Amino acid sequence: MLDVGNLVSGYGRMPILHGVDLTVADGECVGILGHNGMGKTTLLHTLMGHIRPMSGTIALNGQDITALPPHRRARLRIGYVPQGREIFPALTVRENLMMGALAGSGGQSRIVEEVLEDFPRLRTLLDRNGRALSGGEQQLLAMARCLCGRPKMVLLDEPTEGIQPSIIDEIVDLLIALRKRTSISIVLVEQNLDFIKALSDRVLLMHRGEITQTITPKELDDPEIVNEFVGMS
């Protein structure tokens, strides 16, 4: 589904990514692990079109999207849940979801209702402003808003950051069920080892803007691998 070749990207004239190669198949979840500052978020920003690469290619289902802006990529059914969630705090939960449904097809109200089937916690919060939600509720809203665009591929950046364990468990269950029901593909940047192990088919280790190794989720049980390449216990 996604093919990235020799991608060089960064900010201004300073490259952060140095020749990244990445493939993601239909229905596959690829996890990305690494220290902070190693280029993981830069990679997602580049895949979504917020940063234009200096060189290299990005193709989606055989179509070159390297130069496309974010809104064009969204229409090709790439969804993005950024680090920090970035919901619309002054809008209600319902209004946030309606905004997400603008990128979908089939009518906003219908799409929102379908997505809410997977997010029962949000159904009781539809008239509450985004700023009044807990961090975990905001994360659920950000994911639901993304899914309202009916993406075929979702880019997730640190979805467990700063949220309570019970909602982390909800997100794991949701994504597992979603993958069983659809052929959605996921690129997951995450530091929570249990979370990434539960969801990923394979895990890429990133160091200084390069993919240095591909491992299986099971290998994250090896403390030597975790300490050497990720720096966590």
Side-chain angles (χ1 to χ4, degrees), residues 1-13 15-32 34 38-83 86 97-108 110-112 114-115 118 142-159 175 178-190 199-204 206 209-211 214:
M1 183 179 194
L2 180 72
D3 290 285
V4 177
N6 199 27
L7 192 67
V8 178
S9 184
Y11 305 91
R13 297 183 178 180
I16 303 297
L17 305 180
H18 305 280
V20 169
D21 294 310
L22 170 67
T23 61
V24 183
D26 284 344
E28 184 180 28
C29 179
V30 176
I32 301 177
M38 292 296 107
K40 304 184 302 296
T41 294
T42 299
L43 174 60
L44 295 190
H45 282 172
T46 306
L47 294 179
M48 195 62 215
H50 296 301
I51 303 173
R52 186 159 183 172
M54 300 169 184
S55 61
T57 58
I58 304 171
L60 184 71
N61 294 322
Q63 177 182 347
D64 188 344
I65 64 169
T66 311
L68 292 186
H71 72 277
R72 293 280 302 279
R73 300 188 197 206
R75 289 175 186 167
L76 292 173
R77 300 179 73 180
I78 300 179
Y80 179 43
V81 182
Q83 187 177 21
E86 296 184 12
L97 296 175
M98 296 289 278
M99 291 291 289
L102 288 172
S105 59
Q108 287 173 277
R110 178 181 173 185
I111 292 171
V112 168
E114 289 175 355
V115 169
D118 289 320
M143 294 185 65
R145 183 183 64 184
C146 173
L147 292 175
C148 281
R150 292 183 168 171
K152 292 293 291 179
M153 168 168 285
V154 174
L155 312 176
L156 295 175
D157 195 355
E158 304 278 7
L175 292 176
L178 186 64
R179 293 188 65 204
K180 287 181 178 178
R181 194 171 72 242
T182 72
S183 59
I184 196 167
S185 301
I186 299 172
V187 179
L188 170 63
V189 167
E190 182 53 67
L199 294 168
S200 300
D201 297 300
R202 55 193 169 98
V203 179
L204 310 181
M206 196 166 194
E210 298 180 3
I211 303 297
T214 301

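Here the structure is a predicted model, which means the values were calculated and not measured. Along the sequence shown, residues are numbered consecutively beginning with 1.
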(Q) For T182, give me all partners under side-chain hydrogen bond (donor to acceptor under 3.5 Å, both in side chains), at least two apart in sequence or on another chain. (A) none
Q.
The test is side-chain contact (heavy atoms from CB on, under 4.5 Å); show your working for L156 and I186 and say whether it passes.
A. CA-CA 7 Å; L156 295 175; I186 299 172; 4.0 Å; yes
(Q) Tell me the closest heavy-atom pair linking V8 and G19, and the distance in Å. (A) CG2-N, 3.6 Å
Q. To the nearest 0.5 Å, what is the distance between CD1 (I211) and CE (M38)?
A. 12.0 Å
For residues 64-73, dump all side-chain donor-acceptor pairs below 3.5 Å to protein atoms at least two apart in sequence or in another chain.
unit_1, atom_1, unit_2, atom_2, d
D64, OD1, T66, N, 2.9
D64, OD1, T66, OG1, 2.6
T66, OG1, I58, N, 2.9
T66, OG1, I58, O, 3.4
R73, NE, L68, O, 2.8
R73, NH1, T46, O, 3.1
R73, NH1, L47, O, 2.8
R73, NH2, I65, O, 2.9
R73, NH2, T66, O, 3.0
R73, NH2, L68, O, 2.9

Q. Taking only residues two or more places apart in sequence or in another chain, which ones pass salt bridge (charged side-chain N to carboxylate O under 4.0 Å, His left out) with R77?
A. none
Q.
I'd like to check the side-chain hydrogen bond (donor to acceptor under 3.5 Å, both in side chains) partners of S185; sequence neighbours left out, ordered by chain and number.
A. none
Q. When rounded to the nearest 0.5 angstrom, what distance separates CG in L175 from CD1 in I184?
A. 8.0 Å
Q: Please lay out, stage by stage, how R179 and D201 fare under the test side-chain contact (heavy atoms from CB on, under 4.5 Å).
A: CA-CA 12 Å; R179 293 188 65 204; D201 297 300; 2.6 Å; yes
Q. How long is the span from the CE atom in M153 to the CG atom in L155, to the nearest 0.5 Å?
A. 7.0 Å
Q: Go through the steps to decide whether I32 and V203 satisfy the test side-chain contact (heavy atoms from CB on, under 4.5 Å), and finish with yes or no.
A: CA-CA 6 Å; I32 301 177; V203 179; over 6 Å; no
Q) Atom CG of D157 and atom CG of L44: how far apart are they, to the nearest 0.5 Å? A) 5.0 Å
Q.
Checking Q83 now: which residues fulfil side-chain hydrogen bond (donor to acceptor under 3.5 Å, both in side chains) with it, not counting sequence neighbours?
A. E161
Q) So how far is it from K152 NZ to N61 CG, rounded to the nearest 0.5 Å? A) 8.5 Å
Q: Output yes when a side-chain donor or acceptor of K40 lies under 3.5 Å from a complementary backbone atom of M206, and no otherwise.
A: no
Q: Could you list the residues that satisfy side chain to side chain contact (heavy atoms under 4.5 Å, CB included) with E86, not counting sequence neighbours?
A: P82
Q. Quick one: side chain to side chain contact (heavy atoms under 4.5 Å, CB included) partners of D118, sequence neighbours excluded?
A. L174, R181
Side chains of residues 21-30: which donor-acceptor pairs under 3.5 Å do they make with residues two or more places apart or in other chains?
unit_1, atom_1, unit_2, atom_2, d
D21, OD1, N6, N, 2.6
E28, OE1, A25, N, 2.9
E28, OE1, R202, NH2, 3.3
E28, OE2, R202, NE, 2.6

Q. How are the rings of Y80 and H50 set relative to one another: parallel (under 30°), tilted (30 to 60°) or perpendicular (over 60°)?
A. tilted
**Q.** Exam field: side chain E158 to backbone E190, donor-acceptor pair closer than 3.5 Å
**A.** no
Q.
Quick one, P159 and V81 - any side-chain contact, counting heavy atoms below 4.5 Å?
A. no
Q. Which heavy atom in A144 sits nearest to a heavy atom in V115, and how many Å separate them?
A. O-CG1, 3.6 Å
Q. Can you tell me how far OG of S9 sits from CZ of R52, rounded to the nearest 0.5 angstrom?
A. 11.0 Å
Q: Looking only at non-hydrogen atoms, find the nearest pair between I111 and C148 and report the distance.
A: CG2-O, 3.1 Å
Q) Where do L43 and L7 land on the side-chain contact (heavy atoms from CB on, under 4.5 Å) test, with the steps shown first? A) CA-CA 9 Å; L43 174 60; L7 192 67; 4.0 Å; yes
